[in-house]
S.K.: 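Dumping the structure here so I can ask a few things about it.
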Amino acid sequence: MGAGQTPYGDHPTLGIKEMFNAALGDAMQSVDRGVDPREIQAAYVGTLGSGGFQIGQPGALVAGYAGLPPIPVYHLENACASGGFALLAGVTAILSGLYDLVLVAGMEKMTDLSSAAAKYWLGVSGDTEFERLAGLTFAGLFALTAQRYMLDYGMPRETLSRVAVKNHRNGALNPKAHLRRAISLERALAGPPVAHPLNVFDCCPISDGAAVVLLASEERARSLTDAPVFLRGFGSGSDHLALHSRDSVTSLRASRKAAEDAYRMAGVGPGDVAFAEVHDCFTIAEIVAYEDLGFAQPGQGWRLIEEGATTAEGRLPVNLSGGLKAKGHPLGATGVGQAYEVFNQLRGEAQAPERQVRRGGLALTHNIGGIGGTAVVCIYEGGEGW
Amino acid sequence: MGAHVSVPMYQRSVGQRYRLLGQRCRGCGRVNFPPAGACMYCGSRDGFDEAQLSGRGKIYTFTEIAPGGAPPEFARQAALTGSYIVAIVELAEGPRVVAQLVDCTFSDLQVGKEVMMVVRRIYVEEGVVRYGYKFRLA
Ligand SMILES: [Zn+2]
């Protein structure tokens, strides 16, 4: 019944507690009849404390700073899916009946780090003993996926860049996105190489940011707003941490399991989804997600990009926010920030009219940790009249 | 700052890194690498016998890491050589491993090409040079 987010980007003057506080303020403002933060019964916080800030109790740090009562606080960490898992922890707490109003937050402070330290922290969410000692970061792992995907399914290199062009175009319209500028296909193809076939424009940026959502039981939500957004289904999963230990390098089992469970709980299928926010940390990840989420058959995901099916005007808009690619990817914040985007869209409150999705249908969010060691999928529905 | 694998942690996997020592499942007989608590093929937890892998395999997928894409502990290698190649290799016995490919250029490579394990310097941490498996074209 409420959601807020800081702009993602480079925030030299803000640390995680200040960013959390700003996102909380934004979330409280979104509650139509107002909410007293002292009524919040528990908080679930997703963050990696990236950069080795060594925050053993980030929940207490941010809750105390923001003036929350002495409620239970939980810290969840599953790499880039920390926010998604914090969200599910909050949801299951509400479903258990123990609480009827909880807070879920995700946040990350990344730009304080030197580039070498950032690569260190980004890399250690994978398999350190074997993958990392082969000289790989996540860009390298997704490059191995991309290379095999192109070989198996005949996808041209340009298709990857078209994902970046699409998401930059969406991000340009999002006032809270990190990279608010469109790029041309020529530019996207000509970026400095990172890990063949991926170049800089195939990779998400390093961003600071925080996002907060307020979750309530249906009864409580209706007392606070006339336009609640309903979570219809959710699922999550995991897989071997190391990519080379899996049957396939071109599909993520954790995502497939999360999607199957979410669709089953909601009693719907991929065809019922009107728009989605998917985890595009690298361009290839968005194409693989189309297949794992059932938007396309295995090996056919890239054709959705070629057909323009997932552009803002397409039949299934994906990453209207700009995605991780352009909106930014403050690790722990990402899964919660996706819920923030969907909340606004399903209430007809996307910040600019030209980026508002048309009414009708369900929304889906997809958040993965690393290269799919963990994954979360949620399915949302707008309130009456949506 | 680099990936942290302490000397004792590295030492525990020396059999894998120097000799590709795997484990044969007592349930289904297939070879697992690196060792795991349960068989990655049949899920059996009935135990394993040691299995020596041949070191022969085929390229399953590969990439070329540019200096900008190298983690800090490999940045010096990338700066000296301009870039380096990393592949997932499917070993003759079945398991896949990820490792660098050496003594070749990117344009020499294709999925399916045969490769052979070699022991090379991996990186330096805690003042100790770490050696382990890489692969070259067979
Ligand atoms: Zn077995």
Side-chain angles (χ1 to χ4, degrees), chain A residues 51-52 113-152 191-203 239-250 282 284 371, chain B residues 1-6 9-10 12-13 16-17 32-34 36 38 40-41 59-75 77-78 81-91 95-101 106 109-112 122-123 125 130-135:
Chain A
L113 301 171
S114 70
S115 155
K119 278 181 195 156
Y120 166 70
W121 277 97
L122 294 179
V124 293
S125 295
D127 171 70
T128 303
E129 273 194 278
F130 290 94
E131 274 174 355
R132 177 58 177 261
L133 290 195
L136 291 176
T137 57
F138 280 114
L141 286 164
F142 278 98
L144 290 172
T145 289
Q147 184 83 344
R148 184 73 201 197
Y149 187 97
M150 292 195 298
L151 177 78
D152 285 352
V194 174
H196 182 90
L198 306 181
N199 71 45
V200 165
F201 290 110
D202 293 294
C203 310
D239 201 352
H240 289 291
L241 186 55
L243 185 64
H244 58 86
S245 296
R246 303 179 191 166
D247 290 342
S248 169
V249 301
T250 55
F282 298 92
I284 182 66
I371 188 159
Chain B
M1 187 189 262
H4 180 51
V5 179
S6 68
M9 189 177 169
Y10 202 87
R12 285 194 282 272
S13 61
Q16 282 75 52
R17 299 190 193 277
N32 286 246
F33 185 95
M40 63 182 286
Y41 300 104
I59 298 173
Y60 184 78
T61 180
F62 61 100
T63 180
E64 184 173 42
I65 308 290
E73 64 276 17
F74 291 92
Q77 181 188 357
T81 57
S83 64
Y84 56 85
I85 295 160
V86 180
I88 292 180
V89 171
E90 190 161 85
L91 298 169
R96 292 183 198 139
V97 295
V98 61
Q100 291 188 16
L101 296 186
F106 192 72
L109 302 176
Q110 256 180 315
V111 167
I122 304 289
Y123 79 124
E125 193 191 351
R130 314 292 178 90
Y131 295 98
Y133 56 79
K134 295 186 180 181
F135 287 81

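Within every chain, numbering begins at 1; the chains are lettered A, B, ... in the order of the sequence lines, protein sequences first and strands thereafter. All of these numbers come straight from a predicted model, not from anything done at the bench.
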S.K.: Any chance you could measure B:Met40, atom CE, to A:Asp247, atom CG, to the nearest 0.5 Å?
M.R.: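 The distance works out to 7.0 Å.
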S.K.: Heavy-atom distance under 4.5 Å to chain A: side chain of B:Ala87, backbone, both or neither?
M.R.: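 Backbone only.
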S.K.: Looking at every heavy atom in both A:Ala195 and B:Ile65, which two are closest together, and how far apart are they?
M.R.: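 Between these two residues, the closest heavy atoms are CB-CD1, 3.8 Å.
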S.K.: Closest approach of B:Ala66 and A:Pro193, non-hydrogen atoms and distance?
M.R.: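 In terms of heavy atoms, the two residues are closest at CB-O, 3.3 Å.
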S.K.: With chain A, which of B:Ala99, B:Ser83, B:Pro34 has the greatest number of heavy-atom pairs at distances under 4.5 Å?
M.R.: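 Looking at each option in turn, the highest pair count goes to B:Pro34.
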S.K.: With chain B as the partner, which of A:Pro197, A:Cys203, A:Ala134 has the greatest number of non-hydrogen pairs under 4.5 Å?
M.R.: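 Answer, by heavy-atom pair count under 4.5 Å with chain B: A:Ala134.
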S.K.: Decide yes or no on side-chain contact (heavy atoms from CB on, under 4.5 Å) for A:Ser245 and B:Arg96, but give the supporting numbers first.
M.R.: CA-CA 7 Å; A:Ser245 296; B:Arg96 292 183 198 139; over 6 Å; no
S.K.: Just how far is it from atom CD of A:Glu129 to atom CD of B:Gln16, taken to the nearest 0.5 Å?
M.R.: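 Answer rounded to 0.5 Å: 9.0 Å.
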S.K.: So, taking the atom named OG1 in B:Thr61 and the one named CG in A:Leu243, what distance separates them when rounded to the nearest 0.5 Å?
M.R.: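 Taking OG1 in B:Thr61 and CG in A:Leu243, the distance rounds to 8.5 Å.
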S.K.: Mind running side-chain contact (heavy atoms from CB on, under 4.5 Å) on A:Gln147 and B:Thr63 for me, showing each step along the way?
M.R.: CA-CA 7 Å; A:Gln147 184 83 344; B:Thr63 180; 5.8 Å; no
S.K.: Has A:Arg132 got its NZ or CZ under 6.0 Å from the middle of the six-membered ring of B:Phe74, at an angle within 45 degrees of the ring axis?
M.R.: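 No cation-pi geometry.
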S.K.: For side-chain contact (heavy atoms from CB on, under 4.5 Å), just list the numbers for A:Leu133 and B:Arg17, CA-CA rounded to whole Å, side-chain angles, deciding distance to a tenth of an Å, and then say yes or no.
M.R.: CA-CA 10 Å; A:Leu133 290 195; B:Arg17 299 190 193 277; 3.9 Å; yes
S.K.: Where does the angle between the aromatic ring planes of B:Phe106 and A:His196 fall among parallel (under 30°), tilted (30 to 60°) and perpendicular (over 60°)?
M.R.: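 Rings of B:Phe106 and A:His196: perpendicular, over 60°.
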S.K.: Can you tell if the side chain of A:His244 reaches within under 4.5 Å of the side chain of B:Glu90, non-hydrogen atoms only?
M.R.: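 No, every pair of side-chain atoms sits at 4.5 Å or beyond.
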S.K.: Just so I understand: if I count every heavy-atom pair under 4.5 Å between each of B:Tyr84, B:Tyr41, B:Tyr10 and chain A, which residue has the most?
M.R.: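 Of the options given, most contacts go to B:Tyr84.
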S.K.: Is A:Phe130 close to B:Val97 at the side-chain level, that is, under 4.5 Å between some pair of heavy atoms?
M.R.: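 In short, these two side chains do not touch, never coming nearer than 4.5 Å.
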S.K.: Does any part of the side chain of B:Tyr60, heavy atoms only, come nearer than 4.5 Å to the side chain of A:Leu144, both counted from C-beta?
M.R.: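 In short, these two side chains do not touch, never coming nearer than 4.5 Å.
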